[in-house]
Amino acid sequence: MNAIDLSRVHAEPAAERLAVAIDEIARHDATRVAAVAGAGGPNRSAVTYADLARSVEAVESALCVAKPLGVVVRARRVESLLAIAAACGRQGVSVALVPDDGRDLVGELREWLVVDDSLTVPSGGRQRHSLDSDPSHVVVATSGTSGPPKLVQRTWDAVLAAARLAGQWQGLGWLLAYDATRWAGIQVWGQSLLTGGRLVVPESRDPDVVARALVDERVGILPATPTLLRRLLASADAALLAAARPERITLGGEAADGSLLARAREVFPEARITHVYATTELGEVFRVADGLPGFPASWIGRELPGGVRISTRRDGELLVQLSRDSTEVATGDVVERRGDRFEFTGRRSDVIVVGGAKVFPKRVEEILRGVPGVVEARVYGQPSAITGELVAAELVLAEPLAEGATPESIRAAALAACRESLEPHGVPRILDLVKRITTTSAGKIPRRPATVR
Amino acid sequence: MKPTVPDAISTAIRTVLHDTGRDAADVTPPMLLSSDLGLDSLDLAQAIVLLERSLGIDPFRAEAAARPVIRTVGDLIAIYTEAMSRS
């Protein structure tokens, strides 16, 4: 792959950078693939940077005529989303990337125009005033791991702030296992486009499909939640995993525990494994690359790269100050000192309160996942009129089970392991064996009780 | 088909005892939940979730304000039978 000088791209204002990058790459290397959809499946399709540049131009022309207050993207195809976002950025039109889960539009978004895969901009709607000096922005939804997702407004500068742009990053294959409308997903496709990369969207999150996409599309960068990576490592075909060669694995969205990091190193010994701590509200705060869970205790109170300072509240909640003159933000994430590290205990809002006693689901999940025969676990609070909540859990068992093991014996072993390590109120009282654990659209484990059985 | 109320209650209590590593003895209506069966509030909460699954109701959720006295297995049977007849 010939390196293209993209320095011009990075000198542009953030809002225009995506469109400029697409044009630049299309001009120098028209056949370079920008995105592969349906990777790892029978309906694979690819679009080039030249295709993408044409789509961006078409959307931009339509935006010039319609002059909408803003655009809501409702695209099912990732290349449409990329084209619409890039076009809106360069035309100074605010854009909302709203997950496709039927959420009603709220507030000002009701007056924005919806653009879908047809890439046509509908006529009508209120037009932007030519003197409107409000800079265009990006509206995204938070992940909704522990509550209803909320929409937040970000500048293009913030959206693209974390993009790594050094020459060595050019032309790599990026796996997009996240929802392209979520913060984490936007980071992946943003970085991929700005570095002339190949965005690889697997046909599904099925472990074998993801593993096949890694191999077939020569994915170099594998960003994932710990939940997605754990499922991939536990369930994907071993031969496919052995053939995959990710250079970098970037974990984020949830805390990565030591056993997952160790397993990832075992399966992908050549990969550099990084754990990013970021929130939709703050963007990226810090990254840990030493292969250990949590972060070094010495980081507390010290200025980290980028001017970030972190500290903890008395109850262990992590506080973040992005720069000297910004205010300290409570993250909702609780950390605990273990030796010379701080490790994540869980989200404050995830705490299950059983008869007044607090239980962090992550701790229970770690114990359950350590039981032989258990490949995945989810712990949540089951409402109870007697104790407020009860600890409830779902387990996915290995297939096939080891010789001599039965679902019942593993269930009993899981309960025994919890009784050994946890206070009585922390031991799951409801323990179901399930075929799979449904993740949120952000690829995380949901903390709400199952509504359908 | 839904089990009868006494059967469902007996099964739920035996499951609770089994899950917590205790012997699942026979469960009969006169038995005291705490002193005869050794059930604490967590055990009872678990049994109620299990009963909601098997019988489809949780009479305690609706009556949180005026919680009836539950001392024996028979008390539980009465509460669920009464709630089932109303639902």
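Just so it is clear: chains get the letters A, B, ... in the order the sequence lines come, proteins before strands, and each one is counted from 1.
Side-chain contact check for B/Q46 versus A/L390: some heavy-atom pair is nearer than 4.5 Å.
Interface with chain A: from residues 4-13 of chain B, no residue qualifies, criterion being any non-hydrogen pair under 4.5 Å.
When B/L44, B/L50, B/T20 are compared by the number of non-hydrogen pairs under 4.5 Å with chain A, B/T20 comes out ahead.
With a 6.0 Å radius and a threshold of 12 heavy atoms from other residues, nucleotides or ligands, B/R71 has its CZ atom at or below the threshold. Within 6.0 Å of CG in A/D315 there are more than 12 heavy atoms belonging to other residues, nucleotides or ligands.
Across all non-hydrogen atoms, the minimal contact from B/A45 to A/T387 is CB-OG1, 3.7 Å.
Atom CG of residue B/D58 and atom CD1 of residue A/I386 lie 8.0 Å apart, to the nearest 0.5 angstrom. The distance from the NE2 atom of B/H18 to the CZ atom of A/R411 is 8.0 Å, given to the nearest 0.5 Å.
Using a 4.5 Å cut-off between heavy atoms, B/L42 touches chain A through backbone and side chain atoms alike. Only the side chain of A/E408 comes within less than 4.5 Å of a heavy atom in chain B; its backbone stays farther off. Neither the backbone nor the side chain of B/T15 comes within less than 4.5 Å of any heavy atom in chain A. If you measure heavy-atom distances from A/V427 to chain B, you find no contacts under 4.5 Å at all.
Using a cut-off of 4.0 Å between Lys/Arg side-chain N and Asp/Glu carboxylate O, B/D19 and A/R419 are scored as not salt-bridged.
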